[in-house]
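In the text below, chain A, chain B and the rest are named by the order of the sequence lines, each starting its count at 1.
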Number of protein chains: 2
Amino acid sequence: MSAETITRTETDARTRILTAAARLFAARGLGGVGLREITAEAGVNLAAVNYHFGSKEGLLEALFAQRAKPICEERLRLLALCRAARGRPPMLEQVLDAFLRPAFSLGLEAGVDGATFGKLRARLSVESEELYRRILSRAFDDSTRQFLDAVTAALPDLPSAEVAWRFHFMLGTMIYTMANSGRIQSVTEGALDPSDPDAILARLIPFLTAGFRAPA
Amino acid sequence: MSAETITRTETDARTRILTAAARLFAARGLGGVGLREITAEAGVNLAAVNYHFGSKEGLLEALFAQRAKPICEERLRLLALCRAARGRPPMLEQVLDAFLRPAFSLGLEAGVDGATFGKLRARLSVESEELYRRILSRAFDDSTRQFLDAVTAALPDLPSAEVAWRFHFMLGTMIYTMANSGRIQSVTEGALDPSDPDAILARLIPFLTAGFRAPA
DNA sequence: GTCTATACAGTGATAGAC
DNA sequence: GTCTATCACTGTATAGAC
């Protein structure tokens, strides 16, 4: 009932709130930005957030669902390509690339670049509170589970529990790199610059494939 | 000027605040707990936190410095053992174990177990705000840099920039596992239980050593 | 239905009395 | 040193205008 009657010249309040929230959350974190600032930037009344999204966390959930969608779709598209052109390079490399590449390169529509969304995603990923787990699960579990299956299939000799552990370790490298906390720059005194997706993947894929193929 | 005159029968306010904050922060996160609850549990006045620690974040910094100390000390003790008994098992395995084991098993004094402190540490580790970076740097950089050097020495054929990247990836696996967000349980429907330090290390070390030894 | 103004209970921080 | 009182601010809820 909302798709028919729209012949808008400007974006509606809901979209403007989402855009402003994406920029501000990503830039300064969840706690670092208040609703008054978001609504001011979006040009709406303070109460509009609670009207449209129920709560600040409801807004976060909507934002996440929106941003995760293109990432998951691109993942599945690349996974289908893996299955079509199997063999060379080895399947494991192809599958890991299909999983990781969209996470590092996508998410940049509506004026918020992928890196800042990655930071937001990383923050949620280390949270154990039930609400945040649910948001991440809804957004990514389907896609993630398909890739866990694909990796398991690519490593037929490895016990599936072992594959799951290593997949978990891979998620850690991905999340921590997306977080781009600046910690590795601090330790290495600025030698690394984790911002170019291609450069990251060129380092990460060989590391991970070797780890996945380690003897159990 | 504070170490001389103490002949206390009870712990002082500062310590009681730290203990209460450690428990509550770890259990419910930074934003999830207010100063009024901390001070109530510690049996002190609300203003005592700002008097003793300057701010809520000052309290966090003090808490972190206190907890990080035994971890770093144990790390360096184990690193010294590596150098004494070199050769078997291979140096890389020894060094990684020395780095990771204290992070997973220690931190449990003063009534807060290591796992909950690990969660708190993980949350800070993906934060890019300057303040949190500083807290982590002060607490861990010295120790971390020594281990980066030790790993570099154990991999003489690998360019040092490559070692730094892989070290960064290792930090990701460590932080994400410490966070224990429950995400891998969600994807695998509960097959994994990342709580026993020995079990984690038995999975993690082979994965990481294979990754570190991958051809550049 | 959508939006606004306003009020409310909570937070961390702080000045100043004791 | 410690405490009280208060400040500016937060997210949320609601009554009512269009």
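- In this structure, A:Ala13 reaches the sugar-phosphate backbone alone: every heavy-atom distance under 4.0 Å involves primed, P, OP1 or OP2 atoms, never a base.
- Between the C1' atom of D:dT12 and the CG atom of A:Leu59 lies a distance of 14 Å, rounded to the nearest Å.
- A:His52 has no side-chain polar atom (N or O) that falls below the 4.0 Å cut-off from OP1 or OP2 of C:dG1.
- If you take CG of B:Asn50 and P of C:dA13, they are 5 Å apart, rounded to a whole angstrom.
- Rounded to an integer number of Å, the gap from CG of A:Leu46 to C1' of D:dT10 is 10 Å.
- Considering only the side chain of B:Leu35, C:dA13 comes nearest among D:dA13, C:dA13, C:dA7.
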Audit row: A:Ser186, B:Ser137, side chain to side chain donor-acceptor pair (under 3.5 Å) steps and yes/no: CA-CA 7 Å; A:Ser186 158; B:Ser137 284; 3.2 Å; yes
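- Regarding A:Glu37, its CD atom lies at a distance of 8 Å from the P atom of D:dT10, rounded to whole Å.
- The CG atom of A:Asn45 sits 11.5 Å away from atom CG of A:Leu35, with the distance rounded to the nearest 0.5 Å.
- Using modelled atom types, one finds no donor on one side chain facing an acceptor on the other under 3.5 Å when comparing B:Thr152 with B:Ser160.
- A donor N or O paired with an acceptor N or O is found under 3.5 Å between the base of D:dG11 and the side-chain atoms of A:Arg36.
- Taking only side-chain nitrogens and oxygens, A:Tyr51 comes nearer than 4.0 Å to OP1 or OP2 of C:dT2.
- Ring geometry for B:Phe207 against A:Phe169 counts as tilted: the plane angle lies between 30° and 60°, on a 0 to 90° scale.
- Across C:dA13, D:dT12, C:dA5, the shortest atom-to-atom separation from the side chain of A:Ala47 is found for C:dA5.
- With rounding to whole Å, B:Lys56 atom NZ is found 16 Å from C:dG10 atom P.
- Going from atom CZ of A:Arg14 over to atom P of C:dG1 covers 15 Å, rounded to whole Å.
- Atom CG of A:Leu24 and atom P of D:dT10 are 13 Å apart (whole Å).
- Atom CZ in A:Arg16 sits about 12 Å away from atom C1' in C:dC3, given to the nearest Å.
- At least one side-chain nitrogen or oxygen of B:Asn45 sits closer than 4.0 Å to the OP1 or OP2 atom of D:dT4.
- Atom-to-atom distance recorded for B:Leu60:CG and B:Leu124:CG is 5.5 Å, nearest 0.5 angstrom.
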